[in-house]
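Structure, as structure tokens:
First the proteins, then the strands, lettered A, B, ... as listed; each starts at 1.
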Protein chains: 2
Amino acid sequence: MTISKGSQAFPRTEYVRRLAAVKSEMERRDIDALVVNNAANITYLTGYTALSAYVPQGLVVSIHREEPTFILRRQDAPAAIHQTFLERGNVIGYPESLIGNPDMDGFDTVIDFLHELGVASRSLGLERGYLSAQASEKFKERLPKARIVDCTKAIAWIRGIKSDLEIAVMREAAAISDAAMLRAAEVIRPGVREADAVAEIVATLVRGANGKPGTIFRPLYLCSSPRTGTSHIMYSQDVFREGSQINLELGGIRHGYAAGLMRTFSIGAPSDRLRRLHDAEVAGMEAALNVVQPGATCSDVANAFYRMIEKQGFKKESRCGYAIGIDWLEPTASLKDGDMTELKPNMTFHLMLGNWIDEDFGYVISETFRVTESGAEVLTSAPRNLFELS
Amino acid sequence: MTISKGSQAFPRTEYVRRLAAVKSEMERRDIDALVVNNAANITYLTGYTALSAYVPQGLVVSIHREEPTFILRRQDAPAAIHQTFLERGNVIGYPESLIGNPDMDGFDTVIDFLHELGVASRSLGLERGYLSAQASEKFKERLPKARIVDCTKAIAWIRGIKSDLEIAVMREAAAISDAAMLRAAEVIRPGVREADAVAEIVATLVRGANGKPGTIFRPLYLCSSPRTGTSHIMYSQDVFREGSQINLELGGIRHGYAAGLMRTFSIGAPSDRLRRLHDAEVAGMEAALNVVQPGATCSDVANAFYRMIEKQGFKKESRCGYAIGIDWLEPTASLKDGDMTELKPNMTFHLMLGNWIDEDFGYVISETFRVTESGAEVLTSAPRNLFELS
């Protein structure tokens with residue numbers, strides 16, 4: 001029996017639009033076929049969100065075919081048929097014998113397909129930044145006549161400007177982020193284990209908001225005293241204490257699209273230093289958002305923040321954020337000094353103002369925003385408070 | 001101010017033992033320095049579990065130094081000082097200016113360190129299977145006189161045989177897996193949204209069992225009708241219905257170590273086909289566990305399962321499991337026909353008997369076990385039921 005098509009996050013026309021943009025970029029680079037193996041890029045072009053990328057898989061986009069061909073593990077092919085807009089003939093499962101096999105793997109099936117497609121002596125795009133050194137060499141060795149062009153960030157740049165349909169999904173994700181942050185403010189209490197609070201927070205990320213569940217969950221980061229100078233510890237086995245500070249980063253996710261959000265909590269009155277830093281950061285955030293408009297650069301946004309907090313006697317060493325979308329971070333534009341990427345309508349960013357000042361002292365606040373025709377629309381809407389809990 | 005050392009999952013002697021095994025393997029391969037960039041391997045050798053591996057980082061093991069040197073993003077260095085057994089001088093943070101920088105990245109700092117260490121014209125081990133093609137080329141270009149040796153799976157093979165300390169942690173993880181599976185049997189009900197059930201299940205994975213929380217959460221897979229032929233969809237936006245079948249894979253995690261567990265649920269009476277498959281699979285599982293002992297091979301275990309279910313008229317195409325430990329799957333031994341890896345005491349496996357028979361029909365059951373001196377100790381202990389819910 002065959003598996004049914006599931007409900008699709010986007011209409012076929014949306015995927016065709018995205019593929020047209022990719023093919024246009026392929027033509028610009030004179031590429032006949034592009035092997036997409038980055039999982040976020042596969043989600044973008046097909047709607048596939050199953051988590052099978054720990055084994056080889058590749059989506060082959062040919063300049064001559066409307067639909068791409070998705071080659072993945074046999075065991076995962078039904079999920080691809082169910083979740084994507086692709087016709088079932090464009091999903092190819094490779095044999096299970098290639099799993100845990102020291103001699104061959106799924107990329108061999110992708111390469112066989114490229115030979116059948118007739119592009120073995122043509123121009124071939126690869127995402128070499130997402131291929132291991134070993135896999136990349138396999139493509140070179142088995143396609144010796146192909147001209148291989150590195151396309152690591154090509155699709156990520158296209159993803160940078162969202163459609164209105166994508167923005168609608170990101171608004172749903174942002175509402176989930178807000179709900180989870182407000183839940184955190186309810187459950188973080190002295191004497192509570194961090195794990196028990198995180199259990200409630202992640203449960204909220206999954207249950208979602210406004211009747212729309214999170215469609216997947218991803219790591220969150222709850223860095224509490226004495227770990228507020230750290231940024232990527234998920235949580236600890238400690239219990240919250242009177243006087244603890246808690247830095248929390250989380251994100252709701254809808255159909256792959258994440259909306260990042262960070263807030264800082266204090267159990268009991270915050271220190272003067274923390275209060276002053278919070279005030280400076282909120283002022284910096286407002287200054288940064290105020291310069292957002294089409295034509296401004298990423299560097300402009302970052303520098304508006306840096307100048308404002310410097311006035312208050314603070315500095316931030318790290319960048320002020322990055323493009324955000326499927327699977328969180330897009331490896332393209334950064335909100336940092338010197339990044340001359342021009343803002344365009346429907347670009348989306350995580351304005352990430354986490355500031356890890358000392359080894360043992362940091363503070364976090366962030367929003368996810370989109371560029372509008374004339375400014376910024378902040379998608380997340382949790383209060384910009386230094387949450388004081390008791 | 002400096003950050004304090006956190007509580008360590010293992011004593012320093014345990015890490016020294018692991019490093020001695022790695023250095024012994026380096027000597028065997030005539031390697032002076034090994035750059036470890038796989039996140040699970042870094043956890044194994046240091047205790048670091050913060051989730052910063054989305055940017056370059058490297059743990060440099062020198063044959064001539066007791067402790068390795070951990071080079072990572074400046075923003076993440078405090079987490080490394082806090083979480084690992086390393087002396088603070090052996091944690092080096094690279095500048096934030098290397099993040100989102102098109103020209104240089106953290107691997108340049110790792111390479112600079114290798115030059116300082118005096119190994120630029122010596123033998124250098126790299127985990128090329130975990131380095132992108134681009135990163136691997138950077139090492140070659142900037143260390144043209146080094147003899148580069150691929151060590152992709154070297155540490156994973158050492159990880160394969162656990163210490164009793166690691167087994168104790170895996171027992172804690174397995175107890176969490178059991179608790180989450182029993183929670184699933186409570187919350188999966190007709191009319192309940194999948195997301196609401198998953199929220200409760202992941203919350204249990206985080207809260208843990210026996211007073212020991214999960215220390216991190218990872219994806220789980222809840223594949224319900226009509227998706228029982230799929231294996232890696234996290235969950236859907238559907239509501240459970242009368243007659244639904246639900247295949248669930250999850251794992252508790254302690255200090256990075258996972259214990260995988262799968263069970264199948266039926267809302268209402270299962271079909272005859274499902275009941276027969278369940279009976280065959282449980283018999284196959286028992287047959288497989290019965291042949292586990294030191295000296296038997298992975299192939300023996302898999303074939304005991306395959307022969308038993310064939311007697312009942314079923315087949316399984318995919319392998320019967322794999323070595324398990326930090327970050328779940330170890331990319332070494334597979335329980336599959338032809339894998340002649342010999343079992344040794346304190347090897348641990350996820351005996352993964354998920355069987356996706358048709359596009360629209362599959363069944364799952366699994367256990368995590370360790371090899372003892374004379375047989376198998378099954379670490380997970382949820383009832384081997386086809387759970388019938390109503």
Review point. Side chain to side chain contact (heavy atoms under 4.5 Å, CB included) with A/Arg273: which residues, sequence neighbours excluded?
Key: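 Residues passing side chain to side chain contact (heavy atoms under 4.5 Å, CB included) with A/Arg273: A/Ser271, A/Arg276, A/Ile357, A/Asp358, A/Phe361.
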
Review point. Which residues pass the ring-ring contact (aromatic ring centres under 6.0 Å, His included) test with A/Phe107, sequence neighbours left out?
Key: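 Scan of A/Phe107 (ring-ring contact (aromatic ring centres under 6.0 Å, His included), adjacent residues dropped) gives A/Phe139.
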
**Study point:** Any residue meeting ring-ring contact (aromatic ring centres under 6.0 Å, His included) with B/Tyr130, in chain and number order, not counting sequence neighbours
**Key:** none

Heavy-atom pairs under 4.5 Å with chain A are the metric here; pick the option from [options] that has the most.
options	answer
B/Val198, B/Asp337, B/Thr215, B/Asp196	B/Thr215
B/Arg73, B/Gln75, B/His82	B/Gln75
B/Ser52, B/Ala203, B/Gly6, B/Ser136	B/Ala203
B/Arg254, B/Lys212, B/Glu194	B/Arg254

Chain A contact via [X] - side chain, backbone, both or neither, heavy atoms under 4.5 Å:
X	result
B/Leu205	neither
B/Ile233	both
B/Tyr221	side chain
B/Ser7	neither
B/Lys140	side chain

Check your understanding: What class does the angle between the rings of A/Tyr235 and B/Phe217 fall in, given that below 30° is parallel, 30 to 60° is tilted and above 60° is perpendicular?
Key ->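 Rings of A/Tyr235 and B/Phe217: parallel, as their planes differ by under 30°.
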
Point to revise | Passing option when A/Leu126 is tested against A/Asp150, A/Val149, A/Val35, A/Asn37 for side-chain contact (heavy atoms from CB on, under 4.5 Å) | key: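 Considering A/Asp150, A/Val149, A/Val35, A/Asn37, a side-chain contact (heavy atoms from CB on, under 4.5 Å) with A/Leu126 is found only for A/Val35.
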
**Study point:** Under 4.5 Å from any heavy atom of chain B - which part of A/Arg74
**Key:**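 Contact with chain B involves the side chain of A/Arg74 alone.
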
**Study point:** Engaged part of A/Ile99 at the chain B interface, taking heavy atoms whose separation is under 4.5 Å
**Key:**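 Both backbone and side chain.
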
Point to revise | Residue-level contacts of residues 328-336 of chain A with chain B, using a heavy-atom cutoff under 4.5 Å | key: A/Leu329, A/Ser334, A/Lys336

**Study point:** Audit row: B/Glu200, A/Arg207, salt bridge (charged side-chain N to carboxylate O under 4.0 Å, His left out) steps and yes/no
**Key:** CA-CA 9 Å; B/Glu200 293 297 320; A/Arg207 288 193 194 104; 2.6 Å; yes

